[in-house]
Amino acid sequence: MRLFAAVLPPDAAVAELAARVEALRALPGADGLRWTEREGWHFTLAFYGEVAEEVLPELHTRLARAAHRHHPHELRLAGGGRFDDRVVWVGVDGDSEAMRRLADSAEAGGRRAGILMDRHRPYHPHLTIARARTRSAHHRPTTGLAPYVDGLADFASQEWTVGELSLVRSHPPDPGVPGRQPRYEAIAAWPLGH
């Protein structure tokens, strides 16, 4: 099964972001982007990829330990940015350093459970809201992302407490159905600091 560790924002913050995303989707050219569905909004801490069933008990043990070592911390969804001309994301304000440490622990837990993972990159907390449609070898994406990033500049949700570490399963979209997105299912969660 395809798994990742994540922080899931609460419904109130998701609703505030959804209102802003609705405004962004009204901008000219917005139909040139693939917008993520709000049910899939999350902060990936560590991506594990395909994980065998027999690895799950050890991964659960490792993530429970990781959650125990980290305390709840305050965050808010705030601002935004882009990765090249590919992805529009929403960032965070608050204790992002605590989020980075939690991500490092989730990644280390996966490695200790025996999961082969990509080389470590510095963690950058972000929640993806849109992706550029695929581009051809010689052309730039049809939609520039700057107006959407600008539209997030003054965005800030209410503050919330990150209180748990979640293990999420990604179900791939149905093949051959245009516009379908992966479906995400939280299969386990551990409270921070316990």
Side-chain angles (χ1 to χ4, degrees), residues 2-21 36-49 51 55-83 87-130 149 152-170 182 184-194:
R2 198 168 172 83
L3 300 176
F4 58 90
V7 164
L8 307 177
D11 291 342
V14 167
E16 290 174 302
L17 178 56
R20 179 60 60 100
V21 167
T36 60
E37 296 170 0
R38 75 188 265 177
E39 296 78 21
W41 288 346
H42 61 269
F43 290 93
T44 300
L45 298 172
F47 181 73
Y48 303 125
V51 175
V55 175
L56 274 183
E58 183 65 17
L59 181 59
H60 280 228
T61 297
R62 299 292 180 172
L63 292 178
R65 287 181 191 161
H68 176 75
R69 287 194 303 271
H70 295 273
H71 296 291
H73 53 277
E74 302 301 311
L75 283 183
R76 75 172 36 132
L77 302 175
R82 62 185 174 161
F83 295 130
V87 171
V88 179
W89 50 263
V90 172
V92 297
D93 268 346
D95 197 347
S96 58
E97 187 53 39
M99 188 101 135
R100 282 187 192 92
R101 289 191 302 269
L102 184 59
D104 288 346
S105 289
E107 182 176 300
R111 288 185 197 288
R112 289 187 185 108
I115 297 170
L116 297 173
M117 298 174 60
D118 289 339
R119 205 176 100 248
H120 178 74
R121 294 187 306 240
Y123 182 70
H124 182 272
H126 67 280
L127 184 155
T128 299
I129 59 168
V149 175
L152 291 165
D154 65 346
F155 174 72
S157 74
Q158 61 186 278
E159 193 172 69
W160 48 281
T161 301
V162 175
E164 66 183 19
L165 166 64
S166 296
L167 182 61
V168 179
R169 181 176 183 177
S170 174
Y184 302 109
E185 171 192 14
I187 60 171
W190 299 270
L192 299 184
H194 295 280

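Being a predicted model, the structure only gives us computed values, none of them experimental.
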> Who pairs with Trp41 by ring pair (Phe, Tyr, Trp, His ring centres under 6.0 Å), at least two apart in sequence or on another chain?
Replying inline: none
>> Any side-chain to backbone donor/acceptor pair from Thr161 onto His73? Under 3.5 Å, distance only.
In response: no
>> Using the side-chain contact (heavy atoms from CB on, under 4.5 Å) criterion, which residues pair with Glu39? Sequence neighbours excluded.
In response: Glu37
> Counting only N and O atoms by type, is there a donor-acceptor contact under 3.5 Å from the side chain of His126 to the main-chain atoms of His124?
Replying inline: yes
> Considering all heavy atoms of both residues, which atom of Tyr48 and which atom of Ala106 are nearest to each other, and what is their separation?
Replying inline: OH-O, 2.7 Å
>> Quick one: does any side-chain atom of His194 pair with a main-chain N or O of His68 as donor and acceptor, under 3.5 Å?
In response: no
> Counting only N and O atoms by type, is there a donor-acceptor contact under 3.5 Å from the side chain of Gln158 to the main-chain atoms of Ala13?
Replying inline: no
>> Give me the atom names and distance for the closest heavy-atom approach of Gly80 to Val149.
In response: O-CG1, 3.9 Å
> Would you find more than 12 non-hydrogen atoms of other residues, nucleotides or ligands less than 6.0 Å from Arg112 atom CZ?
Replying inline: no
>> Pair Leu192, Val162 - check side chain to side chain contact (heavy atoms under 4.5 Å, CB included), show working.
In response: CA-CA 8 Å; Leu192 299 184; Val162 175; 4.0 Å; yes
> Which pair of heavy atoms, one from Ser166 and one from Leu8, lies closest together, and at what distance?
Replying inline: OG-CD1, 3.8 Å
>> Tell me every residue that passes salt bridge (Lys or Arg N to Asp or Glu O under 4.0 Å) with Arg76, counting only those two or more places apart in sequence or in another chain.
In response: none
>> Measuring from atom CD of Glu185 to atom CZ of Arg169, what distance do you get when rounded to the nearest 0.5 angstrom?
In response: 6.5 Å
>> Minimum heavy-atom separation for Glu164 and Pro191, please, with both atom names.
In response: CB-CA, 4.0 Å
>> Could you measure the distance from the CG atom of Leu77 to the CG atom of Leu17? Nearest 0.5 Å is fine.
In response: 6.0 Å
> Can you list the residues that meet the ring pair (Phe, Tyr, Trp, His ring centres under 6.0 Å) rule with His71, with sequence neighbours excluded?
Replying inline: none
>> Please determine whether side chain to side chain contact (heavy atoms under 4.5 Å, CB included) holds for the pair Thr44 and Val168, giving the CA-CA distance in whole Å, both sets of side-chain angles, and the decisive distance to 0.1 Å.
In response: CA-CA 9 Å; Thr44 300; Val168 179; over 6 Å; no
>> To check you understand the geometry: which heavy-atom pair defines the closest contact between Gly110 and Leu59, and what is its length?
In response: CA-CD1, 4.0 Å
>> Any side-chain to backbone donor/acceptor pair from Thr36 onto Ile129? Under 3.5 Å, distance only.
In response: yes
>> Among residues at least two apart in sequence or on other chains, which ones pass ring pair (Phe, Tyr, Trp, His ring centres under 6.0 Å) with His42?
In response: Phe4, Tyr184
>> Quick check: do Leu45 and Asp104 have side-chain heavy atoms less than 4.5 Å from each other?
In response: no
> Which pair of heavy atoms, one from Trp190 and one from Ala67, lies closest together, and at what distance?
Replying inline: CB-CB, 3.6 Å
>> So that I can tick it off, tell me whether Glu58 and Arg62 are bridged by a salt bridge, with the cut-off set at under 4.0 angstrom between side-chain N and carboxylate O.
In response: yes
>> Could you walk me through whether Ile115 and Leu3 satisfy the side chain to side chain contact (heavy atoms under 4.5 Å, CB included) test, starting with their C-alpha distance in whole Å, then the side-chain angles of each, then the deciding distance to 0.1 Å, before giving a yes or no?
In response: CA-CA 11 Å; Ile115 297 170; Leu3 300 176; over 6 Å; no
Which donor-acceptor pairs under 3.5 Å do side chains of residues 90-100 form with protein atoms, sequence neighbours excluded?
{"from": "Asp95", "atom 1": "OD1", "to": "Ala98", "atom 2": "N", "distance (Å)": "3.0"}
{"from": "Ser96", "atom 1": "OG", "to": "Arg100", "atom 2": "NH1", "distance (Å)": "3.3"}
{"from": "Arg100", "atom 1": "NE", "to": "Tyr123", "atom 2": "O", "distance (Å)": "3.4"}

> Atom CZ of Arg20 and atom CD of Glu16: how far apart are they, to the nearest 0.5 Å?
Replying inline: 10.5 Å
